Amino acid sequence: MFNFEITALGNMFFGLTVLVFVSLFFVPNKHRSVTLYSLLFASLACIFYASDLITLFIGWEIMGWSSYFLIAKTADKQTLQKYIVFNIGGAFTLLGAIILIYGACGSFVYSELDFSAVPSGQVTAITILLLLTLFVKSGIMPFHYWVVDSYSQSNDLFSAVLSAIISKTGVFAFILIFFQIITVQYLQTPILEVVAWLGVLTSIIATFKAINEDEAKRLLAYSSIAQVGYIVTILSIMGSLSLEAALYHTVIHTFVKLLLFINVAAIIYVSKQHRFSTLGGLLYKYPLNFILLVVGIISLAGMPPLGGFSSKFLIYTALLEEHKGLLLAAVLFSSASAFLYCYKLVYGIYLGQPTNPKTEAYPRIPLRFYVPQILGAVILITLGTIPGVIVPMFNGILGSVGFEPVLYRGVFVLGSDFASFNGGVVIGAFGLIFVLILLFFVRLKNRSVKPKDRLDISYCGEVPRADVNLHYGYGMGRELSRIGLIKMILSRSSHALWQRVSTLFGDLSGITQKLYTLSAQNMGLVIFAFFTILLYMGVK
Amino acid sequence: MFIDLLIMLVMAYGFGFLYYGLYRNISARVHGRFGPSLAQSFYDSIKLFTKDTSTDFGWMFFAGPIIMASGAILTVLFIPYFNHGERLVGLSPYGNLIVVLYFMVLGPLGNALGVGSHGNPFGAMGITRGLTRLLGLEMPFYIAVVGLMIANESADIGTIMANQAETYNIIAHPLLFIAAFISFLGFLGKSPFDVVGAPQEVYSGPAVEFGGKFLALALSQSAIFSFAKLLLMVDLFLGGADSLWDLILKTFVLFVASVFVGNVYGRFTTAQSVDFLLKVPTVIAIVGLLFV
Amino acid sequence: MSLVYFIAIPILASFLTPFYKNYLRFVSVLVNILLAGFAAFFYSRLPLNEFISLDSPLSIIFILDYVSFFFVSLFIGVMLFFSLYSIKEKNNTAVFVVTNIFTSGALGLILSADIFNIYIFFEIASISAYILTGLNRDKVAYSGAIKYMIVGAVASIFLLLGIMLMYLNLGYLTLSSIGAGFHTMDKGIQYLVLLSLFIGFGIKTEILPLNFWVADIYQATPTKIAALFSAVLSKAYLFVFFHILYTLKVDAPALLFLTAIGLLSFAVAELSALRSKDVKRIFAYSTLGQLGVLFLALSSANVVVVSGALFLILVHSISKLMLFFSLDLVEKKMHSTRVEAFAGFRSAFLFTIFAIGFLSLLGIPPFAGFIAKLTILKGFASMGAYGIVGAILAISLVEATYFFRLLSANQRSKKTAEIKVPLLQKIMLSLLALAILYLGLFPQGLLDFCTDAAQTLIQGVIHV
Amino acid sequence: MSLKKTVGLKTILTALLISFMSMLLLGVIMNAAYTHTSLGYDLLKINTISTQSANAVTSVVTYFRGLDTLGEVTILFLSIFGIGIGIERSDRMKTILGYDSTLLKIGTKVLFPLIVLFGLYIIAHGHLSPGGGFQGGVIIASGFLLMFLAYGDSYDLDHKVLSLFEALSGAGFILVGILAALAGGAFLGNMLPLGVLGKLFSSGILPIIYIFVGLKVAAEITVLVEYFIRTQDARDA
Amino acid sequence: MLETLNQTTFLHTVVAIGSFTIFTIGLVGVLSKKNLFKIFLSLSIVESSLFLFFIGSHFEVGKAAPIVADGIKLFDGHMVDPVPQAMILTTIVIGVAVLALSLTFVVNYYRLSGNIDIDKMDELGEVQ
């Protein structure tokens, strides 16, 4: 029943998991549940290296319920209920798809599944079921209902694992089943076009929801939804460059979220505050944390010198090559506005004025918090300077999935013949110019005056009192909701939809429950009525 | 190679401030008064650079403007000046249009970090306005650029310019040009979208705590940045410059067009400008994109 | 060594109660060990027919083939576990007399291949169930027992009607001769006999329109006994019904009807568990649901699906045993089985046991429930019945909702009492949990046995 | 009293439903052809050879389908035991139906032994004349009922002896069955000599089984009767 | 005319109709009477109607009871089939046992709850 096989795709995802788990091992964590974490790790390994659908499903389910028990230590009842119902639902749709595949091809082992003889109706059914699983796992609208609460209410260490690795299992399943098992030529369904648009819509809505968020972890949760939305969009283009872009973005997103979540976790660890409105002004208290966060948001927003840009660049070139202009426009819209919540994250926590005066009393951040952050930052910077370094690995995966490899021109260059850029030159030029201006600035021989205290700012002629909350910036994004288009986007809420579904089931169960409290006599009546009906039908 | 970069930089700095001085003269004439001399911007920047004291709010406040300036300079260096590609090509072979677009956003990020570090609420208000407006500006410009890239099957500015040998893009893709021009106005900080950088709004703008050398650096980088954008518009829609004279002529024509449009309109609030930008130019750009 | 010892020994032990009034606990354990010995003895001699006092078709025949051996060993295992588990129970030892007879009734139902003899064991099992329901001797228990007796009497009326019509028109009582002659009867009588057997057994196998009385009985009876009901009693009736059904060679539309009824009862049972506020009733609904699935799978007449159903029967019995016994511990401490009480207890051991039980009932890997569900779904897929596959998965999602709501309730609410689980109970429960885990990881041996059993079940009692 | 008040709508509906059902049942049953070959006639043919019992019903009940009778006796034991569980030992058992008329007392003193004797006769001759274990047992129990009616509370039953009696007869029944199986034949097979039809000591273990059954039924029905006639008055519960 | 009435088929129809009317009466009693005692008693009526039907439809004109008495010496064709009588003997005793048990339960239930009406039995069900 358990049989495994080392594949290039498996290696990449497993490598990411190992890196994340090893680096997170150092972070101080109140809920030391080693068994559950090792169970989760084993299930992830089982998913990535499975060589038949049943082992994949077993890993998938164990991951589902082991993370349920990990979240259960801190999240409240509604969140747990939302989490488990969606994840078990996703797992059961996966099981449905596996059974359908078994019905169509008569076996579970990947190598023996050939879809040439399978009628297209069945392939579409399998695709829809798998897409449901993917939507639930990666939190595509409207199935993202559980994502934000679970990420923000689980303990800080686990939300990093959730967002960095577990949201990627959906991507892994998509690639494995659609690219490797069903293979592109049997997948002619127009559904994938719809999936692309659904991915983009999710990321747009999630981005604007993130901008509106006041809690750091909820902002990061929405941002994970948005980023995974990009991956789903680009994956459903089903081209070789788009697959490479998706894989590249998966790697980048894993380390960005690892860095950001642990950074926020460190701040929450020392300040016990979650919300931007109660944080702020920690820049000069925790400078290293600040710099690491800046590296994180630069790559999250996809700004050039760092790794984030390379994956964003690949996504744009893949979409351009496929002439998907409108789709690219939508992606651009969401990634442009993504920049807003990146800045809000930095401003809310570090910049601006400290809202509570006793920031001095905050303890030092334990060094162990920096291990995953440094790992993330180093990888992001290296991928910024030498973006091409992991292209051969992706080409290995592309080969295993039957695509011809993407153009590889050395470590520094990234992109296809449509458009490519040289990472080394970009970051080198940036560094050089920065140093030149710095030298020129320092050489200027004028004295710099230090302000007396944090209230010594030009304040339109008035004098700011200490009790005035000067941390105005945390409310960034408030004015966005005044803009017509964005107000319409923000009004979307899946809460009402799922609330209606649960009340429907509740009322239904209310009715059936009354049946089960019949008195013995009425029960007798039901039996004899049933007998008479069947007898009458039979005799007629 | 470095001489080219230096020349490009000096030209951008020179032309930037010249055009800025010209702009101050033309708008003065429109207001019925005599404007300052053309070189007034040079004098201001030299005076500010040599001021003997400037308040400094810590190392991040110090690094913010520097990142902003390096963002602007990088944008200029990655755009080729001429369309024949022998001289003043800069670093464009190592990058392409997408890289340039993202460098245009790097500058505001540096500025935002610097402004954020000193914690003045007015600065924060200016930054929020700037970033929201940026969101509105980017949409039509990006869609127009996407349309061009798809039309020319490449993201390299050189090839886009080469393909305009017989018909300029302004004629081939008029809708894209209109959308790009409207957002170009915003990028140059001309009204009606100039609520962020306008002099009257300086107190609630991002540069509220900048003084001395920091303000000087901010002004000079904005000059270089506006010349870079002019250059980009020329390369994308006017077939790039054949010679130096052709370059000056085309950039001047564009600059004057933006100045005249700028002086006519009043100033939108941020919400109005973003609302307008997301409605009119974006729709024009999308329609243009469909026709590509 | 005759097969009848399975029946005679427990009854003999109960008859001799006056001689060992206060050693009943140990006697019951002894009896069950003896039965287990018999089962082991007969394992190597399968399949086996035994005539009591005369050759066929004149006298009663006992058949021990693969499928009946499966059930016999399951029941003996459960009863052995029950008697061992409550060996320290000082008061209320009278229950062991009734449980012994309950065992012989259940085993008789499995082994007997004579329709009237099946009716006798049907009555023995039912009456011992009535007494077990009224064990608590309080208002609730007696009202439950009364309800059970009325419905049980109606069931035996239908069964009697069916047997009488069969004897009137066929003249023979042994299943093999009935099976052979059944299709020579007049069409109307055939339909009537089948219908009355279906209603008679349907009430007892708790199928949709006939199972509205079950939840109350589970609520009335002591929790440990409820474990026996769901692990042994309903399974025995289920086997007998399908044993007769396949012997009478029922045609396809009837089987299709039974499949639909099974699916419906699975859906309705799981749905009504959503809003229930009493954990015992929730477990009762879940048993009804699982019986719906078993009914659905057993009536498909496909070897793979039926073998999956048999595997599910074993897994369901073990999980329900584990769940009810742990609930019994909770009930002793919290003095109520309501959801609030269930949420209030603190005991890591019990929580893990409940979690393992729920996960295996839901068919979630790596526990044995998954293998059962997978085999059933695989069978239906190869039959092309994707509608049923989809329905089963959707409904088990509903099942997941209320099971995990219980887990979250316990995990996240304020704890009111700490439960210290005594050592014996702890060992026994973890034994069950390990069994589920082991079956989940290495199911092959049991699956092969289930396939042989499924083969023999589907072909019914062949003319001996 | 007006019919409407007592008969609700529900009763009328149920009556209609049930009568419609019975009509359907009758319709189906009436046109069925009855068979003539059956298990019973085959058993009749071999009855004399295999059991030498004059009463075919007894031979079916005890020999051919002996297991049913075992089941039957267990059910009786079970329900009596169930009733036993229900009674709290400390109840003030008061006979609620007793008459203390001296005529009845003297009459019962005479009749009681006769009834018990007659019951034993019926049990012993189960394989010869109609009747058998069950019928005889009930007759004996009716004797005890008479004693309760006559002597009310003063006549108390010795429960220890009664339950011992019951246990022994039940165990005896099964042990005979096991002995038969051990002696090579089938469970409850006939390993004793059959004797001649019509004689008291004929047809092997049939009479022995019926005697055991008879005694057990007698004991149990007496307990049953005692429970119903002597129970704590429900009114002052 | 009486001979025609003495045919086996005629007798069987009379038995069938008679026993199923008792069956109906008993069932209506079970399903509509409110008093628990009456329900259980009508249940035993229903059972006895089934026994009546079963034994009645096995009687054949001109056949004697399957017991060797002075009149009949041999067990041959003209004896009635003994198996139904044996079966009914057992089911009667089962009926008695079940009836006794149910009535004791009713008595105990009445002693504890003071209610005898089946519709007022509200101890079980979903306690809101």
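All values below were derived from every heavy atom in this structure, side-chain atoms included, with hydrogens, water molecules and symmetry-related copies excluded. What you see is a predicted model, and the numbers here were worked out from it, not measured in a lab. Convention: sequence-line order gives letters A, B, ...; per-chain numbering from 1.
- Residue Leu192(C) touches chain D through its side chain alone, counting heavy-atom pairs closer than 4.5 Å.
- With a threshold of 4.5 angstrom between heavy atoms, Ile178(D) approaches chain C through its backbone and through its side chain.
- Neither the backbone nor the side chain of Leu3(C) has a heavy atom closer than 4.5 Å to any heavy atom of chain D.
- Only the side chain of Thr17(C) comes within less than 4.5 Å of a heavy atom in chain D; its backbone stays farther off.
- Atom-to-atom distance recorded for Asp68(D):CG and Asp114(C):CG is 6.5 Å, nearest 0.5 angstrom.
- Between atom CD1 of residue Ile11(C) and atom CZ of residue Phe173(D) there is a gap of 9.5 Å, rounded to the nearest 0.5 Å.
- Contacts between residues 117-127 of chain C and chain D, defined by a heavy-atom separation under 4.5 Å, are made by Asn117(C), Ile120(C), Phe121(C), Glu123(C), Ile124(C), Ile127(C).
- Using a 4.5 Å cut-off between heavy atoms, Phe102(C) makes no contact with chain D at all.
- Counting non-hydrogen atoms of other residues, nucleotides and ligands closer than 6.0 Å to CZ of Phe165(D) gives a total of 12 or fewer.
- Closest approach of Leu78(D) to Ser128(C), counting heavy atoms only: CD2-N, 3.6 Å.
- A distance of 5.0 Å separates CD1 in Ile60(C) from CG in Leu67(D), rounded to the nearest 0.5 Å.
- Across all non-hydrogen atoms, the minimal contact from Ala94(C) to Phe81(D) is O-CE2, 3.6 Å.
- For Tyr23(C), the OH atom is loosely surrounded, since the number of other residues' heavy atoms within 6.0 Å does not exceed 12.
- With rounding to the nearest 0.5 Å, the separation of CD1 in Ile131(C) from CD1 in Ile85(D) is 6.0 Å.
- Contact check for Leu25(D) versus Leu161(C): side-chain heavy atoms found under the 4.5 Å cut-off.
- The contact between Lys216(D) and chain C is made entirely by side chain atoms (from C-beta outward), counting heavy-atom distances below 4.5 Å.
- Using a 4.5 Å cut-off between heavy atoms, Phe19(C) touches chain D through its side chain atoms alone.
- Atoms CD1 and CZ, on Ile174(D) and Phe15(C) in that order, are 5.0 Å from each other to the nearest 0.5 Å.
- The minimum heavy-atom distance between Ala171(D) and Leu16(C), with the atom names listed, is CB-CD2, 3.3 Å.
- We find the CD1-CD1 distance between Ile75(D) and Ile101(C) to be 9.5 Å, quoted to the nearest 0.5 Å.
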